[in-house]
Amino acid sequence: MFADKHAPYYITAYVVTFLVMGWMTVDTWLRARRWRRRAEQLEKEKKP
């Protein structure tokens, strides 16, 4: 699969794609955690 003269381009594309997808996944997870904490905080403040 990667034995031809274009192998560096394929490998680079896969690595970049992997890094970008990983970053998007981690970023989404961190944002969800932050918003979940904020929602819980607001619910606690709302209850009398």
Side-chain angles (χ1 to χ4, degrees):
M1 180 177 177
F2 296 120
D4 63 354
K5 65 182 180 180
H6 300 292
Y9 301 109
Y10 298 150
I11 294 169
T12 303
Y14 278 114
V15 169
V16 169
T17 301
F18 176 77
L19 292 174
V20 168
M21 294 293 286
W23 174 77
M24 290 190 311
T25 302
V26 170
D27 183 55
T28 300
W29 179 67
L30 291 173
R31 287 174 190 257
R33 278 183 46 187
R34 186 175 1 162
W35 283 106
R36 187 178 307 121
R37 266 192 247 121
R38 180 69 177 138
E40 289 171 356
Q41 216 174 36
L42 290 173
E43 285 293 322
K44 286 180 184 177
E45 291 174 5
K46 186 178 174 182
K47 293 181 182 178

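Keep in mind that this is a model prediction, so the values were computed, not measured.
Cation-pi contact between R31 and W29: absent, since separation from the ring centre below 6.0 Å together with deviation from the ring axis within 45° is not met.
A continuous path of ILVMFWY side-chain contacts below 4.5 Å connects V16 to M21, so both sit in one hydrophobic cluster.
Here E40 pairs with R36 under the side-chain contact (heavy atoms from CB on, under 4.5 Å) rule; sequence neighbours left out.
The CG atom of L19 sits 14.5 Å away from the OH atom of Y14 when rounded to the nearest 0.5 Å.
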